[in-house]
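Given the structure is predicted, the values throughout are model-derived calculations rather than measurements.
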Amino acid sequence: MPQVAARITQDQEKWLKDYFRTKSAGAEFILPWAVDTFFRAIASIKTTFTAGELKTIVESHKDVRLLPDHTRQSYLILRVMDACDVNLLHTRHGASKSGLEAKLKRLDDTQATALMVWSSAFWVSRNCSADNLDEYIKGY
């Protein structure tokens with residue numbers, strides 16, 4: 001199995017050791033579970049939005065570096081609505097700004113975080129280009 005080196009806090013290390021006896025055992029369980037859960041969540045969340053809305057969300061995360069403290073529904077709404085107001089992203093992709101905002105408001109913080117991570121990941125992926133945005137939103 002491939003190795004992954006992650007940075008965790010002392011509290012996270014303690015939690016892993018308390019619940020799984022060793023940090024390694026905990027990491028070997030948590031990481032694959034988190035990845036699988038993330039992809040299931042994205043697949044489910046994406047069905048809520050139209051292709052134009054998803055393109056608007058993804059494009060609003062171009063050149064964004066996510067910070068853990070900024071991964072909440074309120075930040076997602078602010079980022080996307082600002083991109084609509086300033087750059088008219090929604091009109092470029094044929095999405096309704098008010099409809100998109102209403103759908104974003106129905107997300108909880110965990111769903112919003114998954115959507116933000118997925119959107120930001122497009123821009124740092126090896127396959128990132130405007131030409132394959134359609135493939136990205138259809139995939140997973």
Side-chain angles (χ1 to χ4, degrees):
M1 182 177 278
Q3 294 284 320
V4 175
R7 309 253 184 301
I8 60 174
T9 66
Q10 288 180 337
D11 287 342
Q12 292 165 334
E13 180 180 22
K14 182 182 179 329
W15 183 87
L16 287 173
K17 288 177 179 177
D18 288 349
Y19 283 90
F20 296 96
R21 293 191 190 190
T22 69
K23 179 173 46 175
S24 293
E28 287 175 9
F29 174 82
I30 291 292
L31 186 58
W33 172 84
V35 171
D36 290 345
T37 301
F38 171 79
F39 285 114
R40 279 193 306 273
I42 285 300
S44 175
I45 293 164
K46 284 174 38 180
T47 63
T48 304
F49 298 93
T50 67
E53 291 168 339
L54 289 170
K55 288 179 188 179
T56 301
I57 295 166
V58 171
E59 194 165 343
S60 71
H61 285 81
K62 187 175 184 178
D63 299 322
V64 170
R65 183 165 186 258
L66 290 180
L67 299 172
D69 291 344
H70 297 157
T71 52
R72 294 188 197 352
Q73 180 219 39
S74 58
Y75 284 96
L76 174 62
I77 293 170
L78 179 64
R79 171 154 315 284
V80 174
M81 292 300 102
D82 188 55
C84 290
D85 291 341
V86 173
N87 299 316
L88 301 175
L89 287 184
H90 62 295
T91 58
R92 186 179 317 155
H93 297 298
S96 161
K97 180 183 170 193
S98 60
L100 178 55
E101 183 177 22
K103 290 177 183 180
L104 293 173
K105 286 182 176 179
R106 288 194 291 264
L107 299 175
D108 62 31
D109 282 340
T110 303
Q111 293 169 318
T113 297
L115 195 54
M116 293 170 81
V117 169
W118 175 79
S119 297
S120 297
F122 174 75
W123 300 106
V124 296
S125 72
R126 291 184 183 116
N127 301 321
C128 164
S129 78
D131 295 333
N132 65 2
L133 182 55
D134 286 324
E135 289 177 38
Y136 189 73
I137 65 168
K138 288 179 189 173
Y140 298 103

Indicate yes or no for a side-chain donor-acceptor contact from [X] to the backbone of [Y] under 3.5 Å, with no hydrogens or angles considered.
{"X": "E135", "Y": "N132", "result": "no"}
{"X": "Q73", "Y": "L107", "result": "yes"}
{"X": "N87", "Y": "L89", "result": "no"}
{"X": "D109", "Y": "R72", "result": "no"}
{"X": "K46", "Y": "I137", "result": "yes"}

Are [X] and [Y] in one and the same hydrophobic cluster, where Ile, Leu, Val, Met, Phe, Trp and Tyr link if side-chain heavy atoms are under 4.5 Å apart?
{"X": "I77", "Y": "W118", "result": "yes"}
{"X": "F49", "Y": "L76", "result": "yes"}
{"X": "V117", "Y": "V35", "result": "yes"}
{"X": "L31", "Y": "F29", "result": "no"}
{"X": "F39", "Y": "I45", "result": "yes"}

Minimum heavy-atom separation for [X] and [Y], please, with both atom names.
{"X": "P68", "Y": "T71", "answer": "O-OG1, 2.8 Å"}
{"X": "S96", "Y": "G99", "answer": "OG-N, 3.1 Å"}
{"X": "A83", "Y": "S60", "answer": "CB-CB, 3.5 Å"}

For the residue pair F20 and W15, does the interplanar ring angle fall in the parallel (under 30°), tilted (30 to 60°) or perpendicular (over 60°) class? perpendicular
Does some side-chain heavy atom of T48 sit less than 4.5 Å from a side-chain heavy atom of Q111? no
Could you grab the distance from atom [atom1] of [X] to atom [atom2] of [Y], nearest 0.5 Å is fine?
{"X": "F122", "Y": "K55", "atom1": "CZ", "atom2": "NZ", "value": "10.5 Å"}
{"X": "L67", "Y": "M116", "atom1": "CG", "atom2": "CE", "value": "9.5 Å"}
{"X": "S119", "Y": "L54", "atom1": "OG", "atom2": "CG", "value": "7.5 Å"}
{"X": "E13", "Y": "R7", "atom1": "CD", "atom2": "CZ", "value": "13.0 Å"}
{"X": "T110", "Y": "F38", "atom1": "OG1", "atom2": "CZ", "value": "12.5 Å"}

Any carboxylate oxygen within less than 4.0 angstrom of a Lys/Arg side-chain nitrogen, looking at E101 and K97? no
Is any NZ, NE, NH1 or NH2 atom of the basic residue among K14 and D18 found under 4.0 Å from an Asp or Glu carboxylate oxygen of the other? yes
Given side-chain contact (heavy atoms from CB on, under 4.5 Å), test R79 with H70 step by step and report yes or no. CA-CA 10 Å; R79 171 154 315 284; H70 297 157; over 6 Å; no
Name the residue from L100, T56, L88, V58 that meets the side chain to side chain contact (heavy atoms under 4.5 Å, CB included) definition with H93. T56
Between L104 and I57, does a side-chain contact (heavy atoms from CB on, under 4.5 Å) hold up when you go through it step by step? CA-CA 10 Å; L104 293 173; I57 295 166; 4.0 Å; yes
